[in-house]
Amino acid sequence: MSPVNTKISRADCLALAKLAEQAERWDDVIKQLKSIISYSDAHLTMEERNLLSIAYKHVTGTLRTSWRTIEGIEKQETVNGRATQREQALIRRQREKIENELADACRDLLNLLDRYLVPAAEPGEERVFYYKMQGDYYRYLAEFARRQDRERSAQLALEAYKASYKHAFSTLPPWHPTRLGVALNFSVYFHDVHGSPDRACHLAKHAFDEAVGAMHATPEHTFRDSLMILQLLRDDIILWSAEMLQDEERGEQTSEQG
């Protein structure tokens with residue numbers, strides 16, 4: 001009886017990754033895509049890039065939601081003072097456990113990007129896509145990191161977003177979903193991490209206005225994706241503008257009282 005050939009091809013890895021996606025086994029998706037990266041010298045197709053993005057987004061998204069929940073409980077118990085010291089320690093331990101798992105997941109992807117994907121990326125959409133991912137996952141690290149680690153992650157996120165936005169600006173049209181996605185997430189960075197709603201609004205509105213002005217040239221196969229991101233940009237602009245108006249009104253009331 002001849003031995004069975006257990007080595008699988010790149011096509012097999014992709015098929016297994018897509019199967020794992022349907023079963024929502026995200027760690028298995030990531031495992032297969034790591035094999036594809038080694039098969040392909042880090043040159044992924046658009047389908048493979050999107051699978052990689054979806055898998056890590058699900059893994060980290062679940063952990064980010066869990067972290068926010070535990071952090072909210074921890075703050076609430078600190079304010080109302082109902083939790084015993086033992087209970088507070090248990091809550092803190094759970095939060096730190098989630099933080100470690102989230103940091104590991106983010107650094108795992110960032111390692112792939114730094115060592116393989118970014119150096120091999122072709123100019124244009126592929127490079128913009130990977131720079132944006134770098135910015136996103138350094139931003140996630142900055143969300144929960146403490147002190148110097150937060151500053152470092154925030155700075156690395158800023159550098160990655162700048163590189164992505166600059167390259168998108170020079171290689172992709174204003175209506176392109178990837179370029180719009182960079183503008184959306186970069187503006188979120190300015191609002192959530194940098195604490196600059198005015199800069200977030202300016203960036204989002206600039207991207208929105210440019211894209212709307214060029215929508216007549218949007219190909220049919222990308223129109224729906226572009227429109228969806230434009231709606232998200234519009235929602236953020238409205239929300240952040242309202243926040244800034246409220247801050248201005250509070251500032252005026254404080255001045256009058258003073």
Side-chain angles (χ1 to χ4, degrees), residues 26 29-30 33 37 42-61 64 102-103 105-143 152-194 196 199-208 210-211 214 218 222 224-237:
W26 305 113
V29 176
I30 291 168
L33 287 167
I37 289 171
H43 290 287
L44 300 183
T45 65
M46 184 179 294
E47 181 181 28
E48 291 162 352
R49 292 201 307 268
N50 288 335
L51 268 175
L52 185 74
S53 176
I54 290 168
Y56 276 102
K57 190 173 293 185
H58 274 90
V59 170
T60 56
R64 290 170 73 207
L102 180 52
C106 290
R107 288 172 183 144
D108 186 49
L109 176 57
L110 289 167
N111 180 61
L112 288 178
L113 290 164
D114 293 340
R115 294 184 61 185
Y116 306 109
L117 297 172
V118 169
E122 297 291 336
E125 183 184 7
E126 184 178 6
R127 188 171 294 175
V128 173
F129 185 91
Y130 289 141
Y131 278 146
K132 173 184 169 294
M133 287 186 79
Q134 281 184 316
D136 289 342
Y137 284 83
Y138 278 122
R139 171 164 61 89
Y140 299 161
L141 287 173
E143 286 178 345
R152 179 178 179 275
S153 295
Q155 182 60 34
L156 290 170
L158 178 61
E159 292 171 3
Y161 279 133
K162 280 183 175 179
S164 184
Y165 193 72
K166 181 179 179 181
H167 196 64
F169 205 81
S170 63
T171 62
L172 301 176
W175 49 259
H176 198 288
T178 302
R179 175 168 164 171
L180 286 172
V182 174
L184 176 66
N185 289 16
F186 199 4
S187 62
V188 169
Y189 165 85
F190 276 124
H191 180 271
D192 291 358
V193 177
H194 208 267
S196 303
R199 294 184 69 179
C201 273
H202 177 77
L203 193 156
K205 190 174 186 308
H206 179 74
F208 182 90
E210 279 205 325
T218 309
T222 65
R224 182 178 296 179
D225 290 339
S226 298
L227 185 61
M228 181 183 69
I229 301 173
L230 281 172
Q231 290 171 341
L232 293 172
L233 282 167
R234 182 198 60 192
D235 292 346
D236 283 344
I237 292 168

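What you see is a predicted model; the values in this text were computed from it and never measured.
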Listing, residues 111-121 side-chain donor-acceptor contacts under 3.5 Å, not counting sequence neighbours, or none:
| from | atom 1 | to | atom 2 | distance (Å) |
| --- | --- | --- | --- | --- |
| D114 | OD1 | Q134 | NE2 | 2.6 |

Quiz item: Please walk me through it: do Y137 and D108 pass side-chain contact (heavy atoms from CB on, under 4.5 Å)?
Solution: CA-CA 10 Å; Y137 284 83; D108 186 49; over 6 Å; no
Nearest atoms (heavy-atom pairs only) where [X] meets [Y]:
X: A204; Y: L233; result: CB-CD2, 3.8 Å
X: Y56; Y: A105; result: CE2-O, 3.8 Å
X: A103; Y: L141; result: CA-CD2, 3.8 Å
X: L230; Y: A211; result: CD2-CB, 3.7 Å
X: F169; Y: H206; result: CE1-NE2, 4.0 Å
X: L180; Y: S226; result: CD1-O, 3.8 Å

To the nearest 0.5 Å, what is the distance between [atom1] on [X] and [atom2] on [Y]?
X: L227; Y: W175; atom1: CG; atom2: CH2; answer: 14.0 Å
X: L232; Y: S187; atom1: CG; atom2: OG; answer: 10.0 Å
X: E143; Y: R64; atom1: CD; atom2: CZ; answer: 4.0 Å
X: T178; Y: K132; atom1: OG1; atom2: NZ; answer: 8.0 Å

Do [X] and [Y] have side chains that get closer than 4.5 Å, going by heavy atoms?
X: H176; Y: T222; answer: no
X: P123; Y: T171; answer: no
X: S164; Y: F186; answer: no
X: Y131; Y: K162; answer: no

Quiz item: Does R234 count as lying over the ring of F208, i.e. NZ or CZ under 6.0 Å from the six-ring centre, within 45 degrees of the axis?
Solution: no
Exercise. Name all pairs fulfilling the salt bridge (charged side-chain N to carboxylate O under 4.0 Å, His left out) condition that reach into residues 168-184, sequence neighbours left out, sorted by first residue then second.
Key: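 Listed by first then second residue: R179-E210.
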Exercise. Under the side-chain contact (heavy atoms from CB on, under 4.5 Å) rule, what do L109 and L52 come out as? Steps first, then yes or no, please.
Key: CA-CA 9 Å; L109 176 57; L52 185 74; 4.2 Å; yes
Ignoring hydrogens and geometry, is there a side-chain-to-backbone donor-acceptor pair from [X] to [Y] under 3.5 Å?
X: S53; Y: R49; result: no
X: Y138; Y: C106; result: no
X: H58; Y: I54; result: yes
X: H167; Y: G124; result: yes

Self-check item: Short side-chain donor-acceptor distance under 3.5 Å, D136 and Y161
Solution: yes
Quiz prompt | Verdict with reasoning, V188 to R139, per side-chain contact (heavy atoms from CB on, under 4.5 Å) | solution = CA-CA 9 Å; V188 169; R139 171 164 61 89; 3.6 Å; yes
Self-check item: Full working for side-chain contact (heavy atoms from CB on, under 4.5 Å) between L33 and E48
Solution: CA-CA 7 Å; L33 287 167; E48 291 162 352; 4.2 Å; yes
